[in-house]
Amino acid sequence: MNTAPRSIALVDCNNFYCSCERVFRPDLETTPVLVLSNNDGAVVARSNETKALGVKMGEPWFKVKELAKKHGIVAFSSNYALYACLSNRVMQMLSDFSPVQEVYSIDESFLDLTGFTDVTERAYRIRKTVLQNTGITVCVGIASSKTLAKLANHVAKKHPNSRGVFDFNRLSVRQVDSVLSNLEIGEVWGIGRKLNASLNHDGIETVLQLRDADAPRLRARYDVVMAKTIRELRGEPCIELEEVAPAKQQIVCSRSFGQCVTDIDDLQEALTHFMGNAAGKLRAQKSVASMVQVFILTDRFRAEDPQYCPSVSLPLITATADTLTLCSWAAAGLRSIFKAGFRYKKAGVILSEFGPEGMGQADLFAPRDEPDRLALMATLDGLNARFGRGTVKVSGERPSGRWKMTSDRKSPAYTTNWDEIARCR
DNA sequence: TCTCCGATTAGAC
DNA sequence: CTAACGGTCTAATCGGAGA
């Protein structure tokens with residue numbers, strides 16, 4: 001009988017986007033830094049110094065701007081190419097420390113360290129290796145379930161004397177209770193704002209209280225996810241590591257515009273651009289889609305403007321991943337919902353109802369995609385992979401770019417674009 | 001009554 | 001100088017429509 005607990009590690013990069021920006025700007029090591037969402041809308045990452053100044057996650061940039069100026073906070077537009085590149089390097093490095101890895105998000109990996117005799121040492125080596133090779137600091141939380149590993153990571157981040165590693169498995173039962181009694185349920189993976197308030201209302205405030213709550217009663221009041229969370233808090237692993245990411249069921253590409261757009265041709269141009277992006281992702285996972293959805297939105301924050309947020313669903317007879325075909329469906333969709341006289345702020349496309357590429361779907365007599373069209377798409381994907389996204393794209397005639405998002409504070413593409421590296425001194 | 005669907009909600013990052 | 005609040009994705013649940 002094997003009674004040894006699992007050792008599941010959650011490795012999480014600290015202030016990831018900010019850390020990425022600093023990798024190429026060591027002069028900003030002690031300067032407060034923040035990173036903005038697409039369209040420079042809201043704060044999505046803060047360095048420790050910025051957090052200390054009271055800047056909140058998700059705060060709109062226009063509300064922070066004054067404070068930023070006053071304290072010399074350096075703000076960056078988000079540079080996803082840079083973050084993805086550094087993420088890949090970090091994840092690759094982490095894979096050396098365990099045969100079982102789940103890349104959970106752009107800055108987090110679960111690693112199964114069960115069976116290693118030197119789990120804590122290994123965790124410190126992970127930290128050291130990633131820091132030395134990329135300049136990015138990570139924290140490691142370890143426990144017998146993913147939910148507890150996430151909590152352990154939170155403790156490692158918060159308590160400097162942990163030196164970045166915290167392992168529940170090395171604690172006595174009493175010590176675990178003590179730690180859990182000092183954590184609020186909002187820190188638990190899966191407990192968001194609504195559930196937090198609702199549980200508080202039932203008198204459950206600490207993680208210890210949640211763990212020891214009457215499970216059947218909570219199961220009745222909440223859902224199966226809550227039941228799993230409680231079991232995981234008790235140390236019983238019931239959420240397994242997913243080593244291979246399952247294929248997406250839906251691919252969305254949407255953006256807010258830098259300025260409002262009134263012209264159907266501008267919306268068309270934007271949708272063509274978004275569809276190029278979405279179809280590329282679709283082909284990357286070797287799927288074809290048989291549903292296209294298109295939506296356009298006015299600015300909900302301008303209460304004085306008339307609002308109009310239509311969308312349309314277009315079921316396709318023939319599933320496809322061909323950008324040109326998908327773009328013409330998107331264009332048809334747009335024509336069917338567009339009304340002049342509104343100020344549109346956002347638009348997007350959604351692909352869904354996926355099937356495997358090359359399978360022609362259930363209807364054997366349905367028309368197939370032209371083979372030379374497939375070859376064209378393969379060539380396009382190849383060029384974009386080799387020379388960077390956007391090297392080759394479908395042309396919406398008369399490109400105006402009036403729909404483009406604001407991104408005034410973007411760092412150069414250090415790791416992906418040679419020209420921009422050269423420009424940066 | 002059962003099931004399937006779309007829309008809505010909640011959560012994560 | 002103004003006005004200014006992100007993008008993707010999954011799972012659960014619920015109510016209505018159709019079998």
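Throughout, a chain's letter reflects where its sequence line sits, starting with A, and its residues are numbered from 1. All figures in this text were calculated on a predicted structure; none of them were measured in a lab.
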Contacts under 3.5 Å, N or O only, protein and nucleotides 6-10 of chain B:
from: B:dA10; atom 1: OP2; to: A:Lys194; atom 2: NZ; distance (Å): 3.0

- request: Please name all residues satisfying side chain to side chain donor-acceptor pair (under 3.5 Å) with A:Glu102, sequence neighbours left out, ordered by chain then number.
  value: A:Lys146

message: Measuring from the side chain of A:Tyr104 (C-beta onward, heavy atoms only), which nucleotide among B:dA12, C:dC5, C:dT8 has the closest atom?
response: B:dA12

Residue pairs involving residues 179-211 of chain A (criterion ring-ring contact (aromatic ring centres under 6.0 Å, His included); sequence neighbours excluded): A:Tyr104-A:Trp189, A:Phe110-A:Trp189

statement: Residue pairs passing the ring-ring contact (aromatic ring centres under 6.0 Å, His included) test with at least one member in residues 64-103 of chain A, sequence neighbours excluded, are A:Tyr17-A:Tyr80, A:Tyr17-A:Tyr83, A:Tyr80-A:Tyr83

field: Within residues 312-339 of chain A or reaching into it, pairs that qualify as ring-ring contact (aromatic ring centres under 6.0 Å, His included) - sequence neighbours excluded
entry: A:Phe338-A:Tyr344

Qualifying side-chain hydrogen bond (donor to acceptor under 3.5 Å, both in side chains) pairs, either residue in residues 28-37 of chain A, two or more places apart: none

message: Can you list, in residue-number order, the parts of residues 42-55 of chain A that come under 4.0 Å of DNA chain C, counting heavy atoms only?
response: none

Polar atom pairs between nucleotides 10-14 of chain C and protein, under 3.5 Å, N or O only, would you list them?
from: C:dT10; atom 1: OP1; to: A:Gln249; atom 2: N; distance (Å): 3.0
from: C:dA11; atom 1: OP2; to: A:Gln249; atom 2: NE2; distance (Å): 3.4

message: Once ring-ring contact (aromatic ring centres under 6.0 Å, His included) is applied, what residue pairs with a partner in residues 287-313 of chain A remain, sequence neighbours excluded?
response: A:Tyr308-A:Phe342

Nucleotides 1-3 of chain C: which of its N/O atoms have a protein N/O under 3.5 Å away?
none

Which pairs, protein N/O on one side and nucleotides 15-19 of chain C N/O on the other, fall under 3.5 Å?
none

Identified stems (criterion: three or more consecutive Watson-Crick or G-U pairs, under 3.5 Å), DNA chain C: B:1-13 with C:7-19

